[in-house]
Amino acid sequence: MINKIVASPAEAVADIFDGAVVMISGFGEAGSPIELIHALIDQGAKDLTVISNNTGSGHVGLAALIAHRRVKKMICSFPRTANSMVFPELYNNGEIELEIVPQGTLAERIRSGGAGIPAFYTPTSVGTPLAEGKESRTFDGKTYVLERTIRADFSLVKCRAADRYGNLVYNKTARNFGPIMCMAAEATIVQAKQIVDLGQLDPEAVVTPGIFVGKVVEVANPAEESKLVAEGRRYPW
Amino acid sequence: MINKIVASPAEAVADIFDGAVVMISGFGEAGSPIELIHALIDQGAKDLTVISNNTGSGHVGLAALIAHRRVKKMICSFPRTANSMVFPELYNNGEIELEIVPQGTLAERIRSGGAGIPAFYTPTSVGTPLAEGKESRTFDGKTYVLERTIRADFSLVKCRAADRYGNLVYNKTARNFGPIMCMAAEATIVQAKQIVDLGQLDPEAVVTPGIFVGKVVEVANPAEESKLVAEGRRYPW
Amino acid sequence: MVSQDENIGWSVSEMARNVAMDIPNGSYVNLGIGMPELVATHVPVGREVIYHTENGLLGMGPAPAEGQEDSELINAGKKYVTAIPGACYFHHADSFTMIRGNHIDFCVLGAFQVAENGDLANWSTGAPGTIPAVGGAMDLVAGDITILVISRHTTREGEPKIVKKCTYPLTGKAVVDTIYTDLAIIEVKDEGLFVRELAPGVTFDYVQERTGAKLHQYP
Amino acid sequence: MVSQDENIGWSVSEMARNVAMDIPNGSYVNLGIGMPELVATHVPVGREVIYHTENGLLGMGPAPAEGQEDSELINAGKKYVTAIPGACYFHHADSFTMIRGNHIDFCVLGAFQVAENGDLANWSTGAPGTIPAVGGAMDLVAGDITILVISRHTTREGEPKIVKKCTYPLTGKAVVDTIYTDLAIIEVKDEGLFVRELAPGVTFDYVQERTGAKLHQYP
């Protein structure tokens, strides 16, 4: 029998090793797998390279992981937001590396990583500082830059519902990077608000086929990052 | 108001011009927009380049379009099936051109056409006759070939249900090339088994967002190609 | 630097209306964060425009009523939004396919600087000590989407934002189509910048004095 | 050409069972058209294996009961199939992502020829007058999916199908992992072809005589 369901976030993230490359879903707090990130803080893996659109806010979730000096390098499109203070401080102190990638290029690099495409050409960033040092090429009179794929050892993803095969559906704009990050990691670890019986998900509406998923843990009442930040909470509490 | 719904297949295909590049959805008969193809035969456009996984069967649908000498060139992965006689005959007589493309490369070239990606590298076909003459390159010790995108002037696609914005859902394995062909054409023309009111399609389960669709026509009872072939039918009847 | 009378020119709301009037029925539109968001409230009755937000929603509606906020239904500026009937959700790679693949018709953006050839700088001042953060800015201008810039004509300090050559790091080269400021509507053509419309009471020379590049008048 | 006793070796059903025994619980498997399809019926009780068909279905079930056929629910061979609970549908680009991106664990294919270095020819005989038709064959072997070939050991004419170098056009270079024939199970290693198992009553020399490349025995 195939059963990808595990009992706890701690069990789900147990295999993440020092130096691992980890993708973390979410656009701001929407879709950020906060309980998996907290379990990863407890677990202790360090020297991580984290690929995520932002760098978290306050002192919970991804920001807390960074605050605990577990992240060697961030690859993201937008490292600062209204309530992000941890990353800016470490970055300005030279304590964390940053690779800044245009958001659509980041998405496409991740998707190509899952699709067995090692490199592709894109018009994004041509003529800007972010294209410096990149190979460029003209097709049909227009210039494009060559972008390499990104893959990860692990992806941490949040979704609305999952079954034991690892089929996933998401909730509204919390879908964002989840489906492509599931595709691009050696091992994808998912927290689902609900685990349902096989056959309960409409086969026409599954967003992430189970083949892209390794482990699923149910987190029925995930914390809301913005509320924790508003309350001034810090992880671990 | 936005209303992409048109009254008839004839109206839907009215703009297709001589020499146009036309993508046609379907894997065998599943997903083949047979009423749109028949309307295109009636409409008369010729010298078409058709991109479709197969070449049709019997003397209906895509095979009938080819039989009427409207297709100058086929781009496909598998031009012969059990009941395809039209294409083989024309091909062997030198009356139609053929570009043969591995199925996954065909899908990715179409998808990249819709995504603004002009070219990508893929491992498929390396070391085979289909890679001859193609640029190749090594990334991380593995060899890949460079593949260019494909775009079309028109896509003809079949789906299960649509709304007036052009949002689409499909039926089972008839989905196949439909969603990516919708993305890769200047004008996408869709036949839907059912047109539903706005808001009737679950926003989490829409497969093709309406932005990729130009015109929709309801064909409530589409013909089944295999039945027509079994009956020996020929279009036009 | 030439000072600008605060009582002269269009209000922000009028600037947004000017942009909205140029967006035809049936358009797919991506609105940048800040001033561009105001455009949505000025679309004339009878026109149906569909808003795309790059974090995965086509058919974005207005802000929710108080108490109806959903932390998993936000826009690219991470503000709470709603979804209209006929909306749909998708993942980030599909979302940027709509952008890079030129399926979006119009993108309305703010600007630090626009150059006379249409170069846009709107993501970084390049000041030392700032953390680079590009988001989707470069993707939005990379395709052939019509790029509408909405911006005050000058900076708070009175420096021109429309310039001969951008001094800030570029977002994209030769990408801007039309600029909507408080003083004028200016089109970027191969031949240079052309003033299409002047705000009431504003003269061509008044605008030219506050612009760092040569302006042209239509014959 | 060495004739082969028709009563010697494994039956097709036994060949399919040999393949099935090598596919562990939880595997994602793509089965080629023809003989490979038989593998599904030989998976041991207690193992759950999920079948992928490249035309957009993960969780393919057996053929439908008569009268239950659905022309929009077919496999890559365009035969009617069913979908199991927990199945899902997707489009062709996503489907080949599963293949090219190495998410599928095993692919079971037929062959015209397999070379001693693992080269596979299974899409075209290259004969003049034939129409080239590749389908998904080259995609299936392009990634690092484990490729299992199931094939009679020799052609109907008694020619070896396992050869030093393929004479037919290649599907992929150095891609085959294991070959399951009616006579033997043969593994493709960097050092050459190694016989892992012989059919009952078949000797190593008997297999070697009917093979166009050198076979090795495990020590």
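In what follows, every chain begins at residue 1, and chains take the letters A, B, ... in the order their sequences are listed. From a predicted model like this one, the values you see are computed outputs, not experimental measurements.
- Salt bridge annotation for Lys165(C)-Glu116(C): absent, with no cationic side-chain nitrogen under 4.0 angstrom from a carboxylate oxygen.
- A salt bridge between Asp22(C) and Arg196(C) is present, with a side-chain N of the basic residue lying under 4.0 Å from a carboxylate O of the acidic one.
- Counting only distance, with no hydrogens or angles, the side chain of Asn54(B) and the backbone of Phe78(B) share a donor-acceptor pair below 3.5 Å.
- Chain B is approached within less than 4.5 Å, heavy atom to heavy atom, by Gly46(C), Glu48(C), Ile50(C), Leu58(C) from residues 35-60 of chain C, ordered by number.
- Below 30°, between 30° and 60°, or above 60°: for Phe194(C) and His216(C) the angle between ring planes is below 30°, a parallel geometry.
- With respect to chain C, the highest number of heavy-atom pairs below 4.5 Å among Pro209(B), Ala205(B), Gly113(B), Ala115(B) belongs to Ala115(B).
- The environment of Lys134(B) atom NZ is dense: over 12 non-hydrogen atoms of other residues, nucleotides or ligands sit within 6.0 angstrom.
- For a residue to count as touching a neighbouring chain, one of its non-hydrogen atoms must lie under 4.5 Å from one of that chain's; by this rule Asn102(C) does not touch chain B.
- Salt bridge Lys189(C)/Glu191(C): absent, no basic N to carboxylate O contact under 4.0 Å.
- Contacts between residues 65-94 of chain C and chain B, defined by a heavy-atom separation under 4.5 Å, are made by Ile84(C), Pro85(C), Gly86(C), Ala87(C), Cys88(C), Tyr89(C), Phe90(C), Ala93(C).
- Under the 4.0 Å criterion applied to side-chain N and carboxylate O atoms, Lys73(B) and Glu99(B) are assigned as salt-bridge partners.
- Under 4.0 Å is where a charged nitrogen must lie from a carboxylate oxygen, and between Lys158(B) and Glu218(B) no such pair does.
- Salt-bridge check for Asp18(B) with Lys46(B): passed, with a basic side-chain N closer than 4.0 Å to an acidic carboxylate O.
- A salt bridge links Asp15(B) with Lys215(B); the closest basic N to acidic carboxylate O contact falls under 4.0 Å.
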